[in-house]
Amino acid sequence: NMKKIALFFVSICLGATSYSQQLPQITQHMINNYAINPAVSGMYDYYQVKTTIRNQWVGITDAPRTTVLSIYGKKSERVGLGGLVFNDQTGPTSRIGGSASYTYSFPMTQSIKMSFALSGGFTQFKITKNGLNIKDKNDIYMQGGDVVRSTPDATFGFNMYGEKWYFGAAIPQLLSMNLNLIDDDFVRIYNNDDVESNGKLAQHIYVLGAYKHNFNPFWSIEPSVLLKSVKAAPLQADIGVKTTYDDRLWFGMDYRNNGEMAVLLGYSIKERYLIGYSYDIPSSDMSVSSSGSHEFMIGIRFLAANESEISR
């Protein structure tokens with residue numbers, strides 16, 4: 001049935017990422033927070049680079065694989081800049097993109113500041129037809145090359161922050177563009193006016209916040225929360241706790257309201273270089289076919305040289 005195949009192409013492209021969310025999953029969101037909300041770039045007096053590499057649902061064929069590279073920080077007292085590139089692949093579908101952001105910050109009170117950010121870029125979707133398991137390989141829609149669609153994209157975000165906390169929200173896929181996954185000729189011949197052929201990118205709403213509490217000069221704890229909302233999908237909530245020793249070693253846990261849990265571990269070298277790892281423990285439903293998800297993070301902070309380093 002041609003109509004079913006058309007719907008199949010739309011669904012695999014938009015349903016490639018985890019659950020009903022169209023955007024990739026990141027467990028270490030409290031560390032690579034710019035990937036969630038570009039407005040956080042206004043909080044930092046230095047530039048930093050973060051790379052996240054995620055292999056999801058290891059053991060399942062064609063499971064999602066995600067890579068995110070971000071750079072962000074303050075250009076001046078009130079202006080922050082940032083950029084991000086990503087690649088997300090699930091089976092025969094892939095999604096790559098890039099964006100650049102501008103953030104403006106201003107004081108609300110003596111101890112609280114507010115940042116607003118707008119990022120713009122592009123996203124490219126690709127469906128490799130050779131990777132599809134279709135019974136009728138001679139189907140008309142299976143003829144020709146791969147399906148490739150590019151579209152502009154934008155994200156708006158705001159972030160309110162103090163010395164030890166921040167709270168904000170972002171709206172990725174702000175433009176809600178249509179991908180036009182199905183050719184016009186195909187729609188005209190087979191659509192019969194009742195098949196959605198565009199594949200619309202839905203706006204998401206991300207809410208991200210964290211608070212850092214110092215027990216003493218060596219130990220601190222940082223609870224965080226990430227809420228994800230998209231139309232026609234249940235709210236996803238990530239609640240995390242990160243404990244840090246001597247500003248070097250950190251470990252923690254993350255719990256999602258779908259029953260999944262994750263553990264994370266990391267180390268900071270001279271406050272400049274960051275290495276992090278997280279392991280997502282599979283839920284009872286997934287444990288039969290998957291051994292879990294692995295996520296690696298590498299970061300560099302471009303801090304000003306301190307006195308000890310200058311004296312060398």
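Any value given below was found using the heavy atoms of this structure, including those in side chains, with hydrogens, waters and symmetry copies removed.
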Q: Sequence neighbours left out, what pairs pass salt bridge (charged side-chain N to carboxylate O under 4.0 Å, His left out) with at least one residue falling in residues 152-162?
A: none

Q: How many angstroms lie between atom CE of Met297 and atom OG of Ser278, to the nearest 0.5 angstrom?
A: 9.5 Å

Q: Are the charged groups of Lys74 and Asp45 less than 4.0 angstrom apart, N to O?
A: yes

Q: Restricting to non-hydrogen atoms, name the atom on Thr90 and the atom on Asp62 that form the minimum distance, rounded to 0.1 Å.
A: CG2-O, 3.4 Å

Q: Report the residues that fulfil side chain to side chain contact (heavy atoms under 4.5 Å, CB included) with Thr109, sequence neighbours left out, ordered by chain and then residue number.
A: Ser111, Ile112

Q: So which of Leu208, Asp238, Leu264 actually passes side chain to side chain contact (heavy atoms under 4.5 Å, CB included) with Met30?
A: Leu264

Q: About how many Å separate CG of Asp88 and CZ of Arg65, when rounded to the nearest 0.5 Å?
A: 9.5 Å

Q: Evaluate whether atom OH of Tyr273 has more than 12 neighbouring non-hydrogen atoms of other residues, nucleotides or ligands under 6.0 angstrom away.
A: no

Q: Hey, could you give me the OG/CD distance between Ser176 and Gln203, rounded to the nearest 0.5 Å?
A: 4.0 Å

Q: Looking at residues at least two apart in the chain, or sitting in another chain, which of them share a side-chain hydrogen bond (donor to acceptor under 3.5 Å, both in side chains) with His213?
A: none

Q: Donor-acceptor pair, distance only, cut-off 3.5 Å: does the side chain of Gln173 make one with the backbone of Ala202?
A: yes

Q: Is there a donor-acceptor pair closer than 3.5 Å between any side-chain N or O of Asn216 and the backbone N or O of Trp219?
A: yes

Q: How about Ile275: does its CD1 atom have over 12 heavy atoms from other parts shown lying under 6.0 Å from it?
A: no

Q: Could you tell me whether the side chains of Ser101 and Tyr34 share a donor-acceptor contact shorter than 3.5 Å?
A: yes

Q: Among all residues two or more places apart in sequence or in another chain, which pass the side chain to side chain contact (heavy atoms under 4.5 Å, CB included) test with Ala35?
A: Ile26, Asn32, Val68, Leu84

Q: My understanding is that only residues two or more places apart in sequence, or in another chain, count here; which of them pass side-chain hydrogen bond (donor to acceptor under 3.5 Å, both in side chains) with Gln48?
A: Lys50

Q: Going by salt bridge (charged side-chain N to carboxylate O under 4.0 Å, His left out), name the pairs with one or both residues in residues 101-117, residues two or more places apart or in two chains.
A: Glu77-Lys113

Q: Suppose we screen for side-chain hydrogen bond (donor to acceptor under 3.5 Å, both in side chains). Which residues come up paired with Tyr267, at least two apart in sequence or across chains?
A: none

Q: Applying ring pair (Phe, Tyr, Trp, His ring centres under 6.0 Å), name anything that partners Tyr102, two or more places apart in sequence or on another chain.
A: none

Q: Could you check whether any side-chain N or O of Gln236 sits under 3.5 Å from a backbone N or O of Lys228, counting only pairs where one atom can act as donor and the other as acceptor?
A: no

Q: So does Val263 get a backbone contact from the side chain of Asp254, meaning a donor-acceptor N/O pair under 3.5 Å?
A: no

Q: Between Phe296 and Tyr277 (judged by ring centroids, cut-off 6.0 Å), do the two rings come close enough to count as a pair?
A: yes

Q: Identify the heavy atoms of Gly276 and Trp250 that sit nearest to each other, and give their distance.
A: CA-CZ2, 4.1 Å

Q: Just how far is it from atom OG of Ser224 to atom OH of Tyr166, taken to the nearest 0.5 Å?
A: 6.5 Å

Q: Under the rule for side chain to side chain contact (heavy atoms under 4.5 Å, CB included), what residues qualify as partners of Arg54, not counting sequence neighbours?
A: Gln25, Thr27, Gln56, Thr66, Arg256, Asp280, Ser293, Glu295

Q: Side chains of Thr103 and Ser41 only: does a donor on one sit below 3.5 Å from an acceptor on the other?
A: yes

Q: Not counting sequence neighbours, list each pair that qualifies as a salt bridge (charged side-chain N to carboxylate O under 4.0 Å, His left out) and has a residue in residues 159-177.
A: none

Q: Measure up the Phe116 and Phe156 rings against each other and bin them: parallel (under 30°), tilted (30 to 60°), perpendicular (over 60°).
A: parallel

Q: Any sub-3.5 Å donor-acceptor pair from Asn37's side-chain atoms to Phe158's backbone N or O?
A: yes

Q: Just to verify, what does Arg248 make a salt bridge (charged side-chain N to carboxylate O under 4.0 Å, His left out) with, not counting sequence neighbours?
A: Asp246

Q: Tell me whether the rings of Phe218 and Tyr245 are parallel (<30°), tilted (30 to 60°) or perpendicular (>60°).
A: parallel

Q: Trp165: which residues meet the ring pair (Phe, Tyr, Trp, His ring centres under 6.0 Å) condition with it, sequence neighbours left out?
A: none

